[in-house]
S.K.: 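Got a structure for you, questions after.
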Amino acid sequence: MDTVLVLDFGSQLAHLIARRVRDLGVYSEILPFNTSKSKIQSINPIGVILSGGPSSVYEEGAPQPLEEFWDYIKEHQTPLLGLCYGHHLIGQHYQGKIVAHDEKEFGKATITLKQQTSIFDSLNSEEIVWMSHGDQVEELPEGFEIFASTDTCPIAAMGNIAKKIFSFQFHAEVNHTVHGETMFRNFLFQICKANPEWKIENWIDDAIKDIQNTVGENHVILGLSGGVDSSVVAALLKKAIGDKVHLIFVNNGVLRKNEVEQVCDWFQNKFKFANFHLADAEEEFLTNLKGVEDPEKKRKIIGHTFIDVFERKAIELEQKFDNIKFLAQGTIYPDRVESQAGSGGKTSSKIKSHHNLALPDDMKLKILEPLKDLYKDEVRELGKQLGLPRELIERHPFPGPGLAVRCIGDITKEKLEILREADSIVIEEIRNAGLYNHVWQAFAVFLPVKSVGVMGDFRTYEYLCGLRIVESIDAMTANFAKIDWEVLEHISTRIINEVKGFNRVVYDISNKPPSTIEFE
Ligand code: XMP
C-alpha cells in the first residue's frame, strides 16, 4: 500500500500531519527523525514529510535526519515536504541560509502566492495560514524557487520542482491554515501520485487473515475494559478466531453506575462470547486503596492490583485451556508512537502515570496488538463495520483508574456510591441535551469539602460535587465546555435533589493546560 512517512522532529503536530494524510485515504506512519535508511527502505514511502519542532536547525544537538536519509531521498527521488522546522532543514541541507528573526511570529498570517505551482493548485492568490516560528529561510537554496511570501517572511513557501521538494514556513496541518487540506491533497496526488487505498473496509480482511495466521489453533486472552479499544479488539478477534478468544473483565470497584451489568450484558448476552469471565475484585481493590490519598499512589495501587487479579484469572484459564498462548491488547497508534524513544530529542515530565497492562515475564504469553496502526476514529469506524452498537463506539474516554481519580482524597464505598449517582445524572442530562457526541468528556467529581445548604426547612452540611465537561480533539489540550446555563442548572438541580450526600454543584472552568482533564 502507498505509504507516506512523517519524520518527527519533536512536534506536537506530527500526529495531525499523519491524520491529514490518512484522512485523504493514504496510509501514513510517523517515525523518529533519525530513522535509518534501511528502515525507510523497508517502508518504501511514496513521499516523506518533515514535521515542525521546537529546536533551531543551527543549535548544537538539534535533531537532524541522518546523512543517509538525504542520500535515500536523492537516490529514489522521493517527494519531500517540509513544514516549519522541516522547511528550515531543507533550506539548510540544500545550502540556503537560515536565520533567527528578531520577532517571533505566532498566529494567523496571509501568504501571497508568487507563481502557479502544483503544490498550490486550486488555491487563491492570497491564503490564510498559521505561523509559529522564530527562524526563517533567508537565502534560497540553489535550484529552489519562492512560491509564497508574507509581509514579514519573504520565503514562506519554496520548492524545487525537478527534485519534487517543497517546504512551507507555516503549519499546513492545522485547521487555522484554511486550505491546508488542499495543500496536502496536492502533495499526495499531484506530486507523490498516491493511490487513495487506505480504508478500514480494506484493512479488515487483511487484519483477520493476519490474526488467523499468527494465532493458528491457539487461544487468546483479552482484558476487556468496556471502553472502545478493547471492545473493538474483542469483536475483531471473534470474527477472526471465534470462540478461541477469552475475555476477562475485571470489576475494580471504581467503575461507573451499572457498568458491570452493562458490559456483561453486551458481551455475554448480545455478542454471545462463549468465554466471558468476570473477575469480581471490588473488595480487593477497595481494601488496597483504603486510606490512600495520594493520586499517584492510587494509580499505582490500581495498576498493580489489576495485574494481580488479571494474572490470577489468566493462570486459572491457562490451566483449563492449555493452548492459551496470546494476550491481546487494545494498544492504538498514538499509544505506540508516544512511547517511541528519541522523538525530537526532548522528553516531557511525567504528569500522570497512565496504567497499561504489563504482565510478568514468566507468563510467557505473546502480545497481540491488532489495532496498533490505527487512530482512535479509525478504531471507531472499525467498530462500526464490525457491528458494535453506537452507544459503545461513541463512549467517552474513561481512565483506567476509573472513579478513583475522580473521588478526591481517600476512597470509600459510600463516597463512590454518591459519585456514581451524580455521574449517571450528568451523562443522562448531557445525552438528553444532545451534547454527548459534541463534548470530549462529561463527568462528576467527588470533592471532599463540606458546605452548608438548606433543604426545605432543614440545614444540610454535605459534600461538594464538581462538574467537569470539556471539549478536546486529542486530550492533549482541552477547553471547558461553554454549554447552556439551562443544562448546567438542570444537572445541578437534579444532583442536589436526587443524590444524598451532595448539596452543592460547582462547574470547573479551567482549561488544559494548565489544568488536566481528570482531577488526579
Ligand atoms: P488528563 O487528566 O491527563 O487526561 O488531562 C487526558 C485523557 O486521558 C484520560 N486518562 C486516562 N486514560 N488511563 C487511561 O486509559 C489513565 O490512567 C488515564 N488518566 C487519564 C482522561 O480521561 C483524558 O481523556
Side-chain angles (χ1 to χ4, degrees), residues 12 15 222-233 249-250 252-256 259 263 285 288-289 292 294-307 309-310 328-339 348-358 369 371-372 374-377 379-380 392-408 411 419-420 423 426-427 430 436-447 466-481 508-520:
Q12 302 279 337
H15 277 301
L222 166 69
L224 192 68
S225 71
V228 182
D229 303 340
S230 61
S231 301
V232 172
V233 177
F249 176 51
V250 176
N252 58 11
V254 282
L255 298 173
R256 286 163 287 193
E259 195 156 13
V263 171
F285 276 88
N288 292 352
L289 285 167
V292 180
D294 179 70
E296 274 304 287
K297 276 198 192 135
K298 282 187 191 174
R299 284 173 170 271
K300 293 228 164 68
I301 289 169
I302 291 176
H304 292 149
T305 312
F306 187 89
I307 289 172
V309 173
F310 191 88
Q329 300 206 314
T331 317
I332 66 170
Y333 195 51
D335 303 337
R336 205 155 57 89
V337 173
E338 250 117 63
S339 59
S348 53
S349 65
K350 185 163 117 188
I351 314 289
K352 293 177 188 180
S353 43
H354 286 206
H355 95 255
N356 276 323
L357 186 58
E369 294 176 316
L371 309 183
K372 70 180 189 326
L374 304 185
Y375 280 102
K376 192 79 172 186
D377 52 345
V379 172
R380 290 206 165 100
L392 204 168
I393 292 168
E394 290 167 355
R395 279 184 118 185
H396 287 169
F398 187 64
L403 298 181
V405 291
R406 296 178 180 172
C407 188
I408 311 311
I411 297 168
L419 179 57
R420 268 192 196 104
D423 191 66
V426 175
I427 296 297
I430 287 293
Y436 189 83
N437 290 333
H438 297 282
V439 299
W440 176 262
Q441 275 170 299
F443 55 87
V445 183
F446 186 100
L447 302 169
L467 183 56
R468 182 81 166 136
I469 307 175
V470 295
E471 289 169 349
S472 175
I473 295 173
D474 54 11
M476 302 284 285
T477 60
N479 289 334
F480 75 87
D508 182 353
I509 55 168
S510 21
N511 293 333
K512 173 183 178 175
S515 302
T516 54
I517 297 176
E518 301 292 345
F519 272 44
E520 289 190 334

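Owing to the predicted nature of the structure, the values given are computational and were not obtained by experimental measurement. For ligands, and for the atoms within them, numbers begin at 1 and follow the listed sequence.
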S.K.: Give the intermediate values and the outcome of side chain to side chain donor-acceptor pair (under 3.5 Å) for residues H15 and Y333.
M.R.: CA-CA 10 Å; H15 277 301; Y333 195 51; over 6 Å; no

S.K.: Taking 4.0 angstrom as the limit and counting only heavy atoms of A475, give me the atoms of ligand 1 inside it, by number and element.
M.R.: 6 (C), 7 (C)

S.K.: Please identify which atoms of ligand 1 are closer than 4.0 Å to at least one heavy atom of T516.
M.R.: 1 (P), 2 (O), 5 (O)

S.K.: Backbone or side chain, does any N or O of G400 fall under 3.5 Å from an N or O of ligand 1?
M.R.: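 Indeed, backbone or side chain, G400 has an N or O that close.
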
S.K.: Quick check on R299 - does any of its heavy atoms sit under 4.0 Å from an atom of ligand 1?
M.R.: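 Contact present.
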
S.K.: Salt bridge or not for D335 and K372, using N-O below 4.0 Å?
M.R.: no

S.K.: Answer yes or no: is there an ion pair linking D423 with R256, defined by an N-O contact shorter than 4.0 Å?
M.R.: no

S.K.: Hey, can you tell me if H396 and Y436 have their rings parallel, tilted or perpendicular (30° and 60° cut-offs)?
M.R.: parallel

S.K.: Can you find an N or O of P397 that's nearer than 3.5 Å to an N or O of ligand 1?
M.R.: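 No.
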
S.K.: Would one find an N or O of R406, backbone or side chain, under 3.5 Å from an N or O of ligand 1?
M.R.: no

S.K.: Please state whether W440 comes within less than 4.0 angstrom of ligand 1, counting heavy atoms only.
M.R.: yes

S.K.: Nearest 0.5 Å, please: how far is CZ in F306 from OG in S225?
M.R.: 8.0 Å

S.K.: One thing to verify: whether R299 and E518 come together as a salt bridge, which I'm taking to mean a side-chain N less than 4.0 angstrom from a carboxylate O.
M.R.: no

S.K.: Enumerate the atoms of ligand 1 whose separation from the nearest heavy atom of K512 is less than 4.0 angstrom.
M.R.: 1 (P), 3 (O), 5 (O), 6 (C)

